[in-house]
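Let me begin by presenting the structure, written as structure tokens, before commenting on it.
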Amino acid sequence: MALTGVLRPGHAQVRVLDLEESVRFYRDVLGLVETGRDAEGRVYFKCWDERDHNSYVIRQADRAGIDFFGFKVLDKATLDQLDADLQAYGLATERIPAGEMLETGERVRFTLPSGHVMELYADKTSIGNGLAEVNPAPWGPQREHGIAPVRLDHALLYGPNVAEVQKIFTEVLGFYLVERVLTPDGEGNVAIWLSCSHKVHDIAFAEYPEPGKLHHCSFLMESWEQVLRAGDIMSMNLVPVDIGPTRHGVTRGCTIYAWDPSGNRFETFMGGYQPYPDYGPLTWTFDNFGQGLDYPQRKLHETFLTVVS
Ligand SMILES: [Fe+2]
């Protein structure tokens, strides 16, 4: 098996202002599958083609934003090793006991120099994707409800100290740098796209003075036509759209950015290329980031730089 260590983004916990309004939005407009509620009142969702019990969790709070973003790792031994590696690097870690999140094993939690809380875990109950494991159909009714992305794909997070964050992901957690936007002087990176897999990004960061901010969680669609259909459903439901449909220069992803009812941005996207760890990073100069963000329009949308939750 080639894919070891950190496997993939596993879960995000996001704050919402009105829980039931948000449940209706995430279930019926975005088309996630509600899989449970816990004693704290958190509501758990997964995308239809994900097999683990949950990937997107919302809780009611008085301000929007992200509580934490978690990655699934290969197994318990990997979890213990990465915990030790993080501590050896100089980061404090905390163990969150199994069961604190529904159907989720023990988590290793740590805070990045960007102010974001990250988690690693090895176990989450597999409940399947509603399709048979023998002679499965390619899709079922859940794929037809709302926008219905196939998986939680990545997040873009805004905060300070991106260079230090890059070192932690590449030197401790086994990620590699796929693309970057240079600072205006060309000496550093103002934004980075990192992969632990064959995906063009599993997480991304942009330099921002305020710590711990969410730019967007991203959901994968199966095709460009499905991204356009997502835009139709957003308009039918009067969802505020930020950018798109368009194509990023960075990652080549085809995208729509929009906001949930609490002002948390989310993305429905498809495409991109498939990098390997031996590829060198692709670089965008700061003066050309408009093309990196919106390739057809070559436009550095103000909201992309300034609106976060
Ligand atoms: Fe994205």
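First listed ligand is number 1; within each ligand, the first listed atom is number 1.
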key: Around the Fe ion (ligand 1), number of protein N/O/S atoms which are nearer than 2.8 Å   = 3
request  = Give me the one residue out of Arg109, Arg95, Arg107, Lys76 that meets salt bridge (charged side-chain N to carboxylate O under 4.0 Å, His left out) with Asp83.
outcome  = Arg95
ask   = Between Thr183 and Asp185, do the side chains contain an N or O donor and an N or O acceptor separated by less than 3.5 Å?
value = yes
message = Just by distance, no angles: are the side chains of Asp75 and Thr78 close enough, under 3.5 Å, to form a donor-acceptor pair?
response = yes
Show every donor-acceptor pair shorter than 3.5 Å between a side-chain atom in residues 122-139 and any protein atom, with sequence neighbours excluded, or say none if there are none.
from: Lys124; atom 1: NZ; to: His11; atom 2: ND1; distance (Å): 2.9
from: Lys124; atom 1: NZ; to: Asn54; atom 2: OD1; distance (Å): 2.7
from: Lys124; atom 1: NZ; to: Thr104; atom 2: OG1; distance (Å): 3.0
from: Thr125; atom 1: OG1; to: Glu103; atom 2: OE1; distance (Å): 2.7
from: Asn129; atom 1: OD1; to: Leu131; atom 2: N; distance (Å): 3.0
from: Asn129; atom 1: ND2; to: Asp49; atom 2: OD1; distance (Å): 2.8

query = Hey, are His201 and Glu179 close enough side-chain-wise for a donor-acceptor pair under 3.5 Å?
reply = no
key: Val57 side chain reached by Val14 side chain, heavy atoms, under 4.5 Å   = no
